[in-house]
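Working notes, structure below.
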Amino acid sequence: MSILANRDTRAVIIGGVAGVNAARRMAQFDFLINRPLTVQAFVYPPEEGQQKEIYRGGELNNVTVYASLEKALDENPQINTALIYIGASRAFHSAKEALDARGIKLVTMITEGVPEKDAKRLRKYALEKGKIFNGPSSIGIMSAGECRLGVIGGEFKNLKLCNLYRSGSFGVITKSGGLSNEAMWLCAQNGNGITSAVAIGGDSYPGTDFVTYLQMFENDPETKAVVIVGEVGGTLEEEAADWFGAEKRRIKLIAAIGGTCQDVLPQGMKFGHAGAKEGKKGLGSARSKINALREAGALVPDTFGGLSKAIKQVYLELQATGVILPEPELDEKLLPELPPSVQEIMKQGEVIVEPLIRTTISDDRGEEPRYVGYAASELCEKGYGIEDVIGLLWNKKLPTKEESEIIKRIIMISADHGPAVSGAFGSIIAACAGIDLPQAVSAGMTMIGPRFGGAVTNAGKYFKYGVNEYPNDIPGFLNWMKQNVGPVPGIGHRVKSVKNPDKRVKYLVEYVKNQTTLHTPCLDYALEVEKITTSKKDNLILNVDGTIGCVLVDLDFPEYSLNGFFVLARTIGMIGHWIDQNNQNARLIRLYDYLINYAVKEEREVPVKK
Amino acid sequence: MAKILEGPAMKLFNKWGIPVPNYVVIMDPNRLEQLGEANKWLRESKLVVKAHEAIGGRFKLGLVKLGLNLDQALEAAKEMIGREIGTSVVRQVIVAEMLDHDEEYYVSIAGNRDGAELLLSHKGGVDIEENWDTVKRLFIPLDETPSIERITEAALEAGFVGEIAERVAKITSRLILCFDNEDAQSIEINPLVIRKSDMRFAALDAVMNVDWDARFRHADWDFKPVSEIGRPFTEAEQQIMDIDARIKGSVKLVEVPGGNIALLTAGGGASVFYSDAVVARGGSIANYAEYSGDPPDWAVEALTETICRLPNIKHIIVGGAIANFTDVKATFNGIINGFRESKSKGYLENVKIWVRRGGPNENQGLASMKKLQEEGFDIHVYDRSMPMTDIVDLALNS
């Protein structure tokens, strides 16, 4: 048996992420004792309509989030309990609404920092309605073998260690949340565990007091003794003593009261709980509480450590007098284990999962990303640059100094080519239309293709083919190209020619050939090809795409990676154009009519549809 | 509980029509001269100057000066502002009119579970304790406002007569409004004075506590609560408070000079029992500390380092109950880092560390704590099977 919460309890949680976490913990308990899901609905307007995934063991449940309590209760009339997990400024309203709801009998609030007046009003309101308001600042309520409300009881393993899967003989009432768990553990270790445990919260004016719960335990035949953990401040413990001493009680009472150290601490010092504060003239002091409880016949050890012995003593007495009958120990091995997550099983090596993707370049599972094994910060520290990161991530090799210099220059000379070219122009049009940076830049990026910038890969690819298949036969190569491909990629320019050479090409060729020791079979081959093509037509020069493609092949980059250099380099330029247009607050572009040749039909009438 | 200074309390009284003497709060003494030109009462009344700070025993420290004229008040203000008392500095003074008066009364309201209690006495002033039998009590149920007639009746019963009883009742009813609407926890006016020649009343001195948790609904609360420990906060305490204000969960620290057993305990409830256990076994604590609500590890690390720096400590009690949701492994990582850092800075020499804890990831947390033995820490680690506060017994018997 139990008080407050049992197998019939069905709850709504009012609040956001903390409430969902609590629901998950509660579902673990539901799984342990094989009861239906306790939490049936959430109320949290910002997430209206969402469904939260709650696992009861391996069973996945989707619990709906409602915008209002009314709606939640309309669709889930079985709900009889509300848990308040919402912030202090809205907690009062939510709790009052829950107390107003017809089906709800119990409202328990975890929210901390609730104004005293709000708590006082809720307490009064609940009394008027004949309902229970528990908290604020309550970690929750646990009924062993029946129901868990809140995260009381901690992790799954602890639920078993504290015998919470079956009912014992001890009731627990505490102000502190942590100590409710500790007290449950003590009852399991030194006795036969608990019936129910209630954390009433450490605020000055808890909604429900020790006496109310003591009376409930007194009326619960399964509960034979109650452990209360109180502390300095207020008079709830004194009232408990009065209640206990007023007449002969069926239950035994064991108590621990915190705060006797008050005498030696700075006056008026604040303890962890809002209510833990001594009043004037020693009112509510720990000492006065301990004395009152002892006088009423309760067992009160000197320190909290003494609780173990006190519980054991009471347990043995109750056994000796036959109040608690010996029960066969339950074999814990019969209890279910939480289904482990895939990660956990994999760690133990008991399952093989076929990976979905495979990577060979980069790993972010440690403290920082590693590129082909090298820590990014270490590369920075040791003087490597962006060219080396490109080498690692695109080709899994650290370039030499010479190679890095070439890569750097390729990117530098390709970074931009003015606003008129397709890529930059595309980005500019997008920027002028008010499009954000990533989308505007990708608008320019979509221009990169066979006619603009996208020839690097093919140039590299075919010149490499030529080096391998037609080493000393350039006419043969050109013939093969003509039959199988068409114009040679990397050859030809719209405006540049032999007499008006592309400065970038000249510079790059001279740099690579004269200032480095790079072996350049592909570039040499392309230059030979150029000699023949320019003899046919002046503008069939080796263009910048072709030059870069050949150099990169000579640098041993995979041929399908070559366009990447243009894409990377030109991104710098396109971002620059986007920023530039935004700096100028450029207006929307529309083509002037005179820039368009309207080669259209005359105006005419739409015929009747056939 | 949040005690507020006189200035903000007077401002709230003014707002609710409770008579207060004329007053100004100043930071710059020279401002008083200009205020004197603007305000007749400063030139013509006797004045009182008080340090407007949370410093106990101001009178004895010479931080309250009575019966001054404007020039003397200026001198007093100059003398007080900038004075250092312990670790705190007087930054503000309050200059108020010293009302000549004929009688001193006592009015207070304090909240309780079912509402509040009003206390009235016509024998207020410094001797109120001796005249406690003259105090008339009136219970005010939650959300109810007693009628003027009812309060007048109480005033008559408290020994007030005739028109004075009516006027006191009127002031009291406003005080109740102020109490209710400002989320006050207690207001004590002592004395409430009367000058009979013109029937002028004024709350000459008042102590007010407001519910700091209710500040979200008081846009005009432009003050901060004052230290409640009877002394200004130390630098370390202030630092931990600043961290506390920023994080999920909480970390708390109060230093207790002279003690040699440091507490690094978890949970609002358990931490108190650890303090108790030390005191019950004849030990002396060097601090009260608490972390709870699954605080981030760096916050616990900062708390740990602060505690390791406490002077003359012999033991550190790393205690706690079996946590519900505070991750033992994560918070212990913070503590371990704090210990290592402190040791490398030369702290923790000849300090014994005693650990007892349970909760989420307890095995990993306790195991890594235990590993500190290999690094030369004098550390003793126990799990949930050790009764919670018994590590204090072990420490004191070692």
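To find a chain, count down the sequence lines: A is the first, B the second, and so on, and within it residues start at 1. Reckoned from all heavy atoms, side chains included, excluding hydrogens, waters and symmetry mates. Small disclaimer: the values here were computed from a predicted structure and weren't measured.
- Contacts of A/Asn21 with chain B are absent, with no heavy-atom separation under 4.5 Å from either backbone or side chain.
- When each of A/Gly150, A/Gly154, A/Ala88, A/Ser176 is checked for heavy-atom pairs under 4.5 Å with chain B, A/Gly154 comes out on top.
- With a threshold of 4.5 angstrom between heavy atoms, B/Ser284 does not approach chain A through any atom at all.
- If you measure heavy-atom distances from A/Ala256 to chain B, the contacts under 4.5 Å come from both the backbone and the side chain.
- Between B/Pro387 and A/Lys309 the shortest side-chain heavy-atom distance does not fall below 4.5 Å.
- A 6.0 Å sphere centred on CD of A/Gln348 holds more than 12 heavy atoms belonging to other residues, nucleotides or ligands.
- Interface summary for chain B: among A/Lys120, A/Lys157, A/Gln189, A/Arg25, the most heavy-atom pairs under 4.5 angstrom belong to A/Lys120.
- Looking at every heavy atom in both residues, A/Glu116 comes nearest to B/Gln185 through OE2-NE2, 2.6 Å.
- Only the backbone of A/Ile257 has a heavy atom closer than 4.5 Å to any heavy atom of chain B.
- Residues A/Leu236 and B/Arg113 form a side-chain contact, since some pair of their non-hydrogen atoms from C-beta on lies under 4.5 Å apart.
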With salt bridge (Lys or Arg N to Asp or Glu O under 4.0 Å) as the test, would you mind laying out the steps for B/Arg357 and A/Glu182 before giving the verdict?
CA-CA 10 Å; B/Arg357 185 70 161 140; A/Glu182 185 74 25; over 6 Å; no

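- At a threshold of 4.5 Å between non-hydrogen side-chain atoms, the residues A/Thr260 and B/Val279 do not count as touching.
- Of the charged side-chain nitrogens involved, none lies within less than 4.0 Å of a carboxylate oxygen, so that B/Asp213 and A/Lys117 do not count as a salt-bridged pair.
- Within the 4.5 angstrom heavy-atom criterion, atoms from both the backbone and the side chain of B/Arg384 approach chain A.
- With contacts defined as side-chain heavy-atom distances shorter than 4.5 Å, the pair A/Leu179/B/Met388 qualifies.
- Nearest heavy atom pair, residue A/Gly153 against residue B/Asn324, reads N-OD1, 2.8 Å.
- Taking CG of B/Asp390 as the start and CZ of A/Phe304 as the end, the distance is 11.0 Å to the nearest 0.5 Å.
- Ranked by heavy-atom pairs shorter than 4.5 Å toward chain A, the options B/Gly259, B/Gly115, B/Gly293, B/Ser292 are led by B/Gly115.
- If you measure heavy-atom distances from B/Ile391 to chain A, you find no contacts under 4.5 Å at all.
- A/Glu112 has no carboxylate O lying under 4.0 Å from a charged side-chain N of B/Lys248, or vice versa, which leaves the two without a salt bridge.
- Shown are A/Arg123, A/Lys124, A/Arg121; of these, the salt bridge (Lys or Arg N to Asp or Glu O under 4.0 Å) with B/Asp114 is made only by A/Arg123.
- Using a 4.5 Å heavy-atom threshold, the side chains of A/Thr303 and B/Arg281 count as touching.
- Only the side chain of A/Val229 comes within contact range of chain B, judged by heavy atoms closer than 4.5 Å.
- For a residue to count as touching a neighbouring chain, one of its non-hydrogen atoms must lie under 4.5 Å from one of that chain's; by this rule B/Ala323 touches chain A with the backbone only.
- Looking only at heavy-atom pairs under 4.5 Å with chain A, the residue among B/Tyr274, B/Phe216, B/Phe325 that has the most is B/Phe216.
- Two residues are said to be in side-chain contact when any heavy atoms from C-beta on lie closer than 4.5 Å; B/Arg217 and A/Asp118 meet this criterion.
- Closest non-hydrogen pair, A/Cys261 versus B/Val272, comes out as SG-O, 4.4 Å.
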